S.K.: 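One structure, as structure tokens, below. Some questions next.
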Amino acid sequence: SVRLYTDAVVVDTLDLTSPHPSAATDQHIRLNGTLSAAASDTLHTDLNNVLLYPLGELAAAPRTLGGTVDGTIDFTGGRTRPQVQSAFRVSRLTFDQRLLGDLRVRTRLTPGSPTLLVDAALTPGPARIEQVEDRSLTPGGPEIIEENQLSVTGRVRLPGWGDPPPEADG
């Protein structure tokens with residue numbers, strides 16, 4: 001159940017489940033917890049075996065992203081002092097019909113800081129397209145394998161975060 005209050009949203013285990021078109025297990029998104037300005041309240045999200053391309057279609061993305069996502073996102077502190085931590089993996093990340101590899105990402109945003117800490121790696125997937133077992137990653141399946149290897153660790157300053165509010169005229 002989801003309860004809305006003037007200062008909080010309380011989610012008592014909201015499960016969203018959908019059949020996976022080519023796997024024996026379902027796609028599953030689970031939300032649980034409380035979202036408010038209190039530092040002790042956390043909204044926790046679990047993603048298990050979730051296909052990316054329907055999410056891209058929902059967001060009206062101009063290019064097709066594909067892959068299967070597993071991970072967690074924790075949101076604490078509301079709008080005033082947000083703290084966000086995420087850790088997820090995208091197996092068989094595809095862009096259009098190109099299989100780019102496997103992506104692992106960890107992020108952290110701490111209260112009062114405009115800096116997002118990022119640790120990400122894109123590693124090669126299968127060497128040949130015939131080795132891709134799940135053809136439902138994108139509509140029509142991946143057609144080309146792009147061998148990629150990328151590691152990124154660092155800080156990203158989020159525009160507008162931590163800046164003082166503009167002064168009122170007059």
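Just so it is clear, the model here is predicted, and its values are computed rather than measured.
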S.K.: Kindly give the heavy-atom pair with the smallest separation between V11 and L31, and that separation in Å.
M.R.: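 Closest pair (atom of V11, atom of L31, distance): CG1-O, 3.4 Å.
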
S.K.: When you measure from the side chain of D96 to the backbone N and O of T64, does any donor-acceptor pair fall under 3.5 Å?
M.R.: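 Side chain of D96 to backbone of T64, a donor-acceptor pair under 3.5 Å: yes, one is there.
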
S.K.: Assess whether a salt bridge exists between D119 and R106, defined as any Lys/Arg side-chain N lying under 4.0 Å from an Asp/Glu carboxylate O.
M.R.: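 Salt bridge: no.
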
S.K.: Heavy-atom count around R104 CZ within 6.0 Å, excluding the residue itself: above 12?
M.R.: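 For R104, atom CZ is crowded (more than 12 foreign heavy atoms under 6.0 Å).
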
S.K.: Nearest 0.5 angstrom please: L150 CG to L100 CG, how far?
M.R.: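 Those atoms lie 10.5 Å apart.
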
S.K.: Looking at E130, I want to see if its CD is surrounded by more than 12 non-hydrogen atoms of other residues, nucleotides or ligands under 6.0 Å.
M.R.: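 Counting other residues, nucleotides and ligands, CD of E130 exceeds 12 neighbours.
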
S.K.: Given R92, which of L103, D102, L52 fulfils the side-chain contact (heavy atoms from CB on, under 4.5 Å) condition?
M.R.: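 By the side-chain contact (heavy atoms from CB on, under 4.5 Å) criterion, R92 pairs with just one of L103, D102, L52: D102.
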
S.K.: Go through the steps for E147 and Q149 under the test side chain to side chain contact (heavy atoms under 4.5 Å, CB included), then give the verdict.
M.R.: CA-CA 7 Å; E147 291 190 29; Q149 181 124 9; over 6 Å; no

S.K.: Hydrophobic cluster membership, with links at side-chain heavy-atom distances under 4.5 Å among I/L/V/M/F/W/Y: are V69 and L55 in one?
M.R.: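 Yes.
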
S.K.: Kindly indicate, with the supporting measurements, whether the criterion side chain to side chain donor-acceptor pair (under 3.5 Å) is fulfilled by H28 and D15.
M.R.: CA-CA 7 Å; H28 190 181; D15 285 315; 2.9 Å; yes

S.K.: For the backbone of P19 and the side chain of Q27, can you confirm whether one donor and one acceptor N or O come within less than 3.5 Å of each other?
M.R.: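 Side chain of Q27 to backbone of P19, a donor-acceptor pair under 3.5 Å: yes, one is there.
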
S.K.: Please name the pair of heavy atoms, one in L99 and one in P126, separated by the smallest distance, quoted to 0.1 Å.
M.R.: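 Scanning both residues completely, I find the closest heavy atoms to be CD2-CD, 4.0 Å.
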
S.K.: What closest approach, in Å, do A120 and V105 show between heavy atoms, and which atom pair accounts for it?
M.R.: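 Distance-wise, the nearest heavy atoms are CB-CG2, 4.0 Å.
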
S.K.: In terms of hydrophobic clustering (I, L, V, M, F, W, Y; side-chain heavy atoms under 4.5 Å; direct or indirect links), are L47 and L16 co-clustered?
M.R.: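 The answer is yes; both residues are in one hydrophobic cluster.
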
S.K.: Check step by step if side chain to side chain contact (heavy atoms under 4.5 Å, CB included) holds for T94 and L65.
M.R.: CA-CA 6 Å; T94 60; L65 269 181; over 6 Å; no

S.K.: Classify the side-chain pair N49/T68 by whether it contains a donor and acceptor separated by less than 3.5 Å.
M.R.: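 Their side chains do not contain a donor-acceptor pair, so the 3.5 Å distance test is not met.
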
S.K.: So, D41 and T34: side-chain donor and acceptor under 3.5 Å apart, yes or no?
M.R.: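 Note: D41 and T34 side chains miss the donor-acceptor criterion.
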
S.K.: Calculate, to the nearest 0.5 Å, the distance between atoms CG and CZ belonging to D70 and F88 respectively.
M.R.: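 The CZ atom of F88 is 11.5 Å from CG of D70, to the nearest 0.5 Å.
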
S.K.: With rounding to the nearest 0.5 Å, note down the distance linking CD in Q97 to CD in E146.
M.R.: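 Answer rounded to 0.5 Å: 12.0 Å.
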
S.K.: Write down the atom of T115, the atom of L109, and the distance for their closest heavy-atom approach.
M.R.: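 Taking T115 first and L109 second, the nearest heavy atoms are O-CD1, 3.5 Å.
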
S.K.: From N48 CG over to R30 CZ, what is the distance, rounded to the nearest 0.5 angstrom?
M.R.: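 Separation between the atoms: 8.5 Å.
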
S.K.: Is the shortest heavy-atom distance from the side chain of V9 to the side chain of V2 under 4.5 Å?
M.R.: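 A side-chain contact exists here, since the closest heavy-atom pair is under 4.5 Å.
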
S.K.: Taking atom CD of E143 and atom CD1 of I129, what is their separation to the nearest 0.5 Å?
M.R.: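 Going from CD on E143 over to CD1 on I129, the span is 8.0 Å.
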
S.K.: Linking I/L/V/M/F/W/Y whenever their side-chain heavy atoms sit closer than 4.5 Å, directly or via other members, would V84 and V118 fall into one cluster?
M.R.: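 Linked within one cluster.
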
S.K.: Shared ILVMFWY cluster between L58 and L51, side chains joined below 4.5 angstrom?
M.R.: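 No; L51 is not reachable from L58 via cluster members.
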
S.K.: Are Y5 and F75 linked, directly or through intermediate hydrophobic residues, by side-chain heavy-atom contacts shorter than 4.5 Å (ILVMFWY only)?
M.R.: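 No, F75 does not connect to Y5 through the hydrophobic network.
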
S.K.: Of all the heavy-atom pairs spanning P114 and R157, show the shortest one and how long it is.
M.R.: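 Closest approach of P114 to R157: CG-NH1, 2.8 Å.
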
S.K.: Find the distance between CG (L93) and CG (N148) and round it off to the nearest 0.5 Å.
M.R.: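 Rounded to the nearest 0.5 Å, the CG-CG separation comes to 9.0 Å.
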
